[in-house]
**Q** 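Sharing a structure, written as structure tokens. Questions coming.
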Amino acid sequence: MIDKAAIELSDAVEYHYDQFPPQDLDLQKLLQPLTEATASLARYDQMLAGMLNSEILLAPLRTRDAVVSSRMEGTISTIDEVMQLEADAQSGEADAHRLARSETIEVSLYARALRQSQQALSEGRPISEHLLRTAHQTLLAFGRGASKHPGSYKTEQNYIGDRGTRRIQFIPISPQSLPGGMEALISFIASDKQIPLLRTALAHVEFEALHPFEDGNGRVGRMLITLMLWKLGLISQPHFYVSGYFEQNKDEYIERMRAVSADGDWTEWAVFFLKALNAQALENLETAEAIQALYEKMREEFREVLKSQWSNHALDFAFANPYFRNNVFTSTSGIPAPTANRFTRSLVEHGLLRTIVPSAGRRPAMYAFEPLLELVRNST
């Protein structure tokens, strides 16, 4: 989104008033991509169901998606930077956020907002305006976004366009019409009048067209995809991240959304969205299988190196916390503190942990679990 000052509106497309939800989707054209996306999602979900500890194993993928989704909005950070910030914050480092780059804070907040939303849904709450506004409030809680009215809808017209040329490509719904637009969107999400995958496709593009917030709309809109897939029963656990495909095909992503308002072309948008889910499901499946294989390999190596009944505890902690301060490991892993301290030394000596920051006085050392980090980095 860009400010309204010094902008060019001549080619701008305006929001599609009174055309949501669409009534004329070409289901014949959608049949094949719908079938393929459904099958790929089912394969991915079967993989999830076979993981005894998917929350532990796939936690880094949430951070990866936060990095990619934020990068689409021009916020550049790395997985390593975000995980280091989260490790410092978890250990009680008072200066963690003050010393971090604002971009890294923003990406970390994306992951936090998604976790909080997933927790709310797991407690039985619906996808609602309150849920989306709460996610937005968390997303913009610190850093540059804190001045963009976190959790509040826009009160002035916003625009979507090219930051470099200052040319506006799309004019979202007006602030005056937004309440009705959001009510219609939430009602559509809760209804059963459309196939769940198509409902997800249409809800995402409608949210982006409404652009209800001053900033952060793209990121909240992509969170909505994961939340809907889970809430509608298309995946059994909330571990599906689609930002990678959208980033790789960003120009088409933007043009297909724009064509919904410009030409009423909801069908081609849905085709693109289903292809995105299909491709991302296959990629996510490959990544999840690689993580599962790494876990099995590391389980044997940890047992050999640590020679202890606590080796699986150490392994699970490392997968859930690829960056960590030693005080967090000793206090939360469930391993006796003297044993935990011995473990970190042994794992560093055998190259399974890398020392990021050595201990100094009362400040505990920070370690990185390099085998998992290398895998996740290579999948971005």
Side-chain angles (χ1 to χ4, degrees), residues 1-22 24-25 68-75 129 132-133 135-136 139-140 145 148-149 152-186 188-189 198 200-225 242-243 245-276:
M1 189 198 62
I2 63 179
D3 296 330
K4 63 182 180 180
I7 56 178
E8 174 58 57
L9 293 171
S10 59
D11 299 324
V13 171
E14 290 195 52
Y15 172 79
H16 46 266
Y17 290 92
D18 302 318
Q19 295 180 37
F20 177 80
D24 56 351
L25 291 177
V68 175
S69 186
S70 300
R71 191 162 63 205
M72 290 180 67
E73 310 301 327
T75 300
E129 291 189 60
L132 296 176
R133 291 175 70 158
H136 185 259
L139 179 67
L140 301 188
K148 302 295 182 66
H149 305 101
S152 297
Y153 289 148
K154 63 188 179 185
T155 57
E156 296 184 1
Q157 183 65 60
N158 51 359
Y159 304 89
I160 303 173
D162 186 280
R163 295 174 185 269
T165 64
R166 308 294 294 175
R167 183 176 294 278
I168 295 301
Q169 297 172 315
F170 184 72
I171 305 174
I173 197 170
S174 69
Q176 294 77 19
S177 300
L178 178 61
M182 286 301 301
E183 183 179 348
L185 172 61
I186 297 301
F188 176 74
I189 290 172
L198 293 181
T200 305
L202 299 178
H204 175 66
V205 72
E206 178 65 8
F207 179 87
E208 297 301 344
L210 293 172
H211 235 59
F213 302 112
E214 187 177 340
D215 193 22
N217 294 285
R219 286 166 287 174
V220 175
R222 287 184 288 277
M223 286 184 209
L224 179 60
I225 297 171
V242 74
S243 297
Y245 186 92
F246 288 155
E247 185 193 38
Q248 292 164 14
N249 300 273
K250 187 175 180 179
D251 290 343
E252 185 177 3
Y253 174 58
I254 292 171
E255 282 307 308
R256 288 301 176 196
M257 287 195 290
R258 190 168 179 261
V260 166
S261 291
D263 308 314
D265 201 348
W266 297 86
T267 296
E268 287 301 326
W269 157 257
V271 168
F272 170 78
F273 183 88
L274 292 170
K275 287 181 177 178

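Values in this document were obtained by computation on a predicted structure and should not be read as measured data.
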**Q** Roughly how far, to the nearest 0.5 Å, is the CD1 atom of Ile160 from the CD1 atom of Ile168?
**A** 9.0 Å
**Q** Please round to the nearest 0.5 Å and tell me the distance separating atom CG of Asp215 and atom CG of Asn217.
**A** 7.5 Å
**Q** To the nearest 0.5 Å, what is the distance between CZ on Phe20 and CG on Leu202?
**A** 6.5 Å
**Q** Do Ile186 and Leu132 have side chains that get closer than 4.5 Å, going by heavy atoms?
**A** yes
**Q** Assess the residue pair Tyr15 and Leu210 against the criterion (side chain to side chain contact (heavy atoms under 4.5 Å, CB included)); give the C-alpha distance rounded to whole Å, side-chain angles, the decisive distance to 0.1 Å, and a yes or no.
**A** CA-CA 8 Å; Tyr15 172 79; Leu210 293 172; 3.7 Å; yes
**Q** Is there a donor-acceptor pair under 3.5 Å between the side chain of His204 and the backbone N or O of Ala201?
**A** no
**Q** Identify the heavy atoms of Tyr245 and Ala276 that sit nearest to each other, and give their distance.
**A** CD2-CB, 3.2 Å
**Q** Less than 4.5 Å apart, any side-chain heavy atom of Gln169 and any of Val13?
**A** no
**Q** Going by an N to O cut-off under 4.0 Å, is there a salt bridge joining Arg71 and Glu247?
**A** yes
**Q** Can Ser69 and Arg222 be said to form a side chain to side chain donor-acceptor pair (under 3.5 Å), step by step?
**A** CA-CA 8 Å; Ser69 186; Arg222 287 184 288 277; 2.7 Å; yes
**Q** Please test Met257 against Phe272 for side chain to side chain contact (heavy atoms under 4.5 Å, CB included), starting from the C-alpha separation and ending with a verdict.
**A** CA-CA 10 Å; Met257 287 195 290; Phe272 170 78; over 6 Å; no
**Q** Quick one: does Tyr17's side chain get under 4.5 Å of Ile173's, heavy atoms only?
**A** yes
**Q** Could you check whether any side-chain heavy atom of Thr267 comes within less than 4.5 Å of a side-chain heavy atom of Asp24, counting everything from C-beta outward?
**A** no
**Q** Do Glu129 and Arg133 meet the salt-bridge criterion of a basic N to acidic O distance under 4.0 Å?
**A** no
**Q** Can you tell which of His149, Lys148, His136 makes a side-chain hydrogen bond (donor to acceptor under 3.5 Å, both in side chains) with Glu214?
**A** His149
**Q** In Å, rounded to the nearest 0.5 Å, how long is the span from CH2 of Trp269 to CZ of Arg258?
**A** 15.0 Å
**Q** What are the two closest heavy atoms between Pro172 and Asn158, and how far apart are they?
**A** CD-O, 2.9 Å
**Q** Are Trp266 and Glu206 side-chain neighbours, meaning at least one heavy-atom pair lies under 4.5 Å?
**A** yes
**Q** Quick one, Ser261 and Glu14 - any side-chain contact, counting heavy atoms below 4.5 Å?
**A** no
**Q** With a 6.0 Å cut-off on the ring centroids, do Phe213 and Tyr153 count as close?
**A** yes
**Q** Between Phe273 and Thr200, is a side chain to side chain contact (heavy atoms under 4.5 Å, CB included) present by the stated rule, with each step listed?
**A** CA-CA 9 Å; Phe273 183 88; Thr200 305; 3.8 Å; yes
**Q** Check whether Asp265 reaches the backbone of Glu268 with its side chain - one donor and one acceptor, N or O, closer than 3.5 Å.
**A** yes
**Q** With a 4.5 Å cut-off on side-chain heavy atoms, are Arg219 and Leu140 touching?
**A** yes
**Q** I need the minimum non-hydrogen distance between Leu139 and Met223, along with the two atoms involved.
**A** CD1-CE, 4.2 Å
**Q** Would you mind reporting whether Pro212 and Lys154 have side-chain heavy atoms less than 4.5 Å apart?
**A** no
**Q** For Ile171 and Tyr159, which heavy atoms make the closest approach, and how far apart are they?
**A** CG1-CD2, 4.0 Å
**Q** Compare every heavy atom of Ser243 with every heavy atom of Met72, then report the nearest pair and how far apart it is.
**A** SD-O, 3.9 Å
